[in-house]
Number of protein chains: 2
Amino acid sequence: MHKRISEVPWRQFRRYEHLARAGDRSDCIYCIKDGWACRYELLRDGRRQITALYLPGEYCEPHWLLSGQARLPVMALTRLTARPIPLGQIDHPGEGGVRNVLHAMVQAMERQAQWITRLGRKSATERIVELLADLRARLGSDDDKVVIPLTQREIADIVGLTPVHVNRVLHRLAEQNCVHLCGRSLLASTQMDHSTEQHPCAEKQGEQG
Amino acid sequence: MHKRISEVPWRQFRRYEHLARAGDRSDCIYCIKDGWACRYELLRDGRRQITALYLPGEYCEPHWLLSGQARLPVMALTRLTARPIPLGQIDHPGEGGVRNVLHAMVQAMERQAQWITRLGRKSATERIVELLADLRARLGSDDDKVVIPLTQREIADIVGLTPVHVNRVLHRLAEQNCVHLCGRSLLASTQMDHSTEQHPCAEKQGEQG
DNA sequence: CGCCCGGTTGACGAGCGTCAAGGTCGGTGG
DNA sequence: CCACCGACCTTGACGCTCGTCAACCGGGCG
């Protein structure tokens with residue numbers, strides 16, 4: 001290393017390393033430079049639910065600015081590079097400013113409300129299609145296909161299903177060219193954007209509804 | 001009326017009257033004095049999901065302070081009395097202050113994250129028991145039984161089930177004295193508090209698992 | 001008095017979970 | 001270079017939870 005640690009303005013996390021554990025006091029939030037992170041809740045019987053995703057360019061977790069502590073654990077889903085922003089310095093130039101962080105917080109709330117609707121009222125296929133459409137939009141890529149660096153187990157823990165069922169749904173979507181499955185990597189294509197927020201049960205209704 | 005309207009510091013809403021419609025700009029938040037309200041999302045096929053509940057003493061909706069507008073409609077579930085707090089006057093004495101409103105916002109976010117876990121990973125019985133336990137706690141009543149002024153259809157739209165299935169679960173809970181069903185009114189009892197966050201599948205495991 | 005909303009109940013079936021047995025890929029050590 | 005191992009993915013059989021459909025009841029309100 002030819003750089004002094006103190007000069008490096010970002011931190012690296014390994015895959016599955018924690019950015020925060022349940023109950024931790026936090027004196028900074030992170031601005032994610034590269035990689036994905038998630039907030040999750042683990043029940044004592046092993047069931048897990050992911051309740052938030054953090055993608056490159058997003059703040060993690062903006063509400064620490066107000067609460068000062070993490071209620072739920074947050075961990076990296078991939079190798080992750082993030083810039084810690086000390087809570088006291090948020091209004092320093094180049095740190096985004098309180099205004100932006102609060103705006104990110106409101107956005108996160110609205111996303112959570114959407115997820116409640118999806119988990120409560122949508123079928124397995126709808127949940128997965130809408131998850132992928134949401135991720136495409138947040139990644140802001142113009143490419144036809146974007147890489148989704150999630151395992152099927154992780155997708156299952158986001159959409160509230162089992163890995164086995166996620167697998168079956170993904171293969172059905174692959175037949176319709178909504179996604180591509182190449183080995184262990186998942187590509188979401190633009191094909192499916194029209195399906196979002198569309199059908200009640202987007203499946204077996206081809207002819208004369 | 002022997003009072004001039006302008007002197008009345010609170011507003012009344014009829015049951016099912018809207019406090020805000022989707023997309024409305026809002027120049028005030030409400031502090032609920034009496035009655036219940038909810039935020040909900042309506043899909044075009046008629047499915048509905050309630051994504052937040054507001055009880056007496058709570059702010060509705062705190063994040064309007066930051067966003068200035070309602071993304072989703074909010075309506076009264078009962079007759080409702082609420083005190084509007086103009087956004088510009090939030091820091092005036094007697095209005096709670098920005099600090100309290102932001103704190104309410106963080107609380108609302110944490111509740112939403114909890115609901116994601118419940119909808120994604122819990123059975124029908126668990127969802128209903130935990131809803132009622134949560135409501136008991138928020139009402140802060142010391143009484144053994146508290147009145148829950150929700151129809152079974154409304155409960156269904158909160159916990160992501162059908163009214164028919166909510167009905168069956170409530171009757172099973174009534175057999176175990178977790179709730180009381182008197183005509184159309186629902187009473188939640190203390191009996192069930194211990195069940196919360198306890199069982200994986202809180203049902204058929206009486207003898208030697 | 002009659003309507004309508006909300007609750008109640010049964011029969012039936014679909015969607016999704018569970019269990020179990022491979023298969024495939026990438027990494028690691030010899 | 002190869003053998004081994006552990007994640008992760010894949011696939012089938014089976015069954016439970018919950019949704020759907022339908023009929024009926026009961027009370028409050030116009």
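Residue numbering restarts at 1 for every chain, and letters A, B, ... go by the order of the sequence lines. Keep in mind the model is a prediction, meaning the values are calculated, not measured.
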Participant: Could you state the CZ-P distance from B:R172 to C:dT8, rounded to the nearest angstrom?
Facilitator: 14 Å
Participant: For C:dC5, take OP1 and OP2 only and decide whether either is under 4.0 Å from a side-chain N or O of B:Q152.
Facilitator: no
Participant: Once you round it to whole Å, what is the distance between C1' of D:dT10 and CG of A:L181?
Facilitator: 11 Å
Participant: Under 3.5 Å, is there an N or O donor on one side and an acceptor on the other linking the side chain of A:R168 and the base of C:dG15?
Facilitator: no
Participant: Any idea which of D:dA7, C:dT8, C:dC16 is nearest the A:S123 side chain?
Facilitator: C:dC16
Participant: Which angle, to the nearest 10 degrees, lies between the helix axes at the two ends of the helix from C:dC1-D:dG30 to C:dG30-D:dC1, each defined by five pairs?
Facilitator: 40°
Participant: Could you say whether A:R184 or B:T151 is positioned toward the 5' end of DNA chain C, judged by the nucleotide with the nearest heavy atom to each?
Facilitator: B:T151
Participant: Taking the side chain as everything from C-beta on, heavy atoms only, tell me whether B:R48 gets closer than 4.5 Å to B:E154.
Facilitator: yes
Participant: What's the closest nucleotide to the A:H171 side chain, out of C:dG17, D:dT10, D:dT20?
Facilitator: D:dT10
Participant: Please give me every residue in residues 154-167 of chain A whose heavy atoms get under 4.0 Å of an atom in DNA chain D, ordered by residue number.
Facilitator: A:V164, A:N167
Participant: Which value, rounded to the nearest 0.5 Å, describes the distance between A:D143 atom CG and A:R136 atom CZ?
Facilitator: 8.0 Å
Participant: Are the side chains of A:T125 and A:S123 in contact, using a 4.5 Å heavy-atom criterion?
Facilitator: yes
Participant: Would you kindly give the CG-to-P distance between B:L77 and C:dC5, to the nearest whole Å?
Facilitator: 17 Å
Participant: Side chains of A:T81 and A:Q12 only: does a donor on one sit below 3.5 Å from an acceptor on the other?
Facilitator: yes
Participant: How far apart are the C-alpha atoms of A:R121 and B:D157, what are their side-chain angles, what is the distance that settles it, and do they pass the salt bridge (charged side-chain N to carboxylate O under 4.0 Å, His left out) test?
Facilitator: CA-CA 9 Å; A:R121 291 303 182 201; B:D157 288 340; 2.7 Å; yes
Participant: Take atom CZ of A:R127 and atom C1' of C:dG15, then tell me their distance rounded to the nearest Å.
Facilitator: 11 Å
Participant: Just how far, in rounded Å, is C1' of D:dC18 from CG of A:L119?
Facilitator: 16 Å
Participant: Please report, rounded to the nearest Å, how far the C1' atom of D:dT20 is from the CZ atom of A:R121.
Facilitator: 13 Å
Participant: In a check of side chain to side chain contact (heavy atoms under 4.5 Å, CB included) between B:Y30 and each of B:F13, B:Y59, B:Y54, B:W10, which one passes?
Facilitator: B:F13
Participant: Could you state the NZ-P distance from A:K122 to D:dG19, rounded to the nearest angstrom?
Facilitator: 16 Å
Participant: Let me confirm one number: the CH2-CZ distance from B:W115 to B:R127, rounded to the nearest 0.5 Å.
Facilitator: 8.0 Å
Participant: When the distance from CZ of A:R153 to P of C:dT18 is rounded to whole Å, what number comes out?
Facilitator: 11 Å
Participant: How many angstroms lie between atom CD of B:Q49 and atom CD1 of A:I116, to the nearest 0.5 angstrom?
Facilitator: 7.0 Å
Participant: To the nearest 0.5 Å, how far apart are CG in B:L80 and OG1 in B:T78?
Facilitator: 5.5 Å
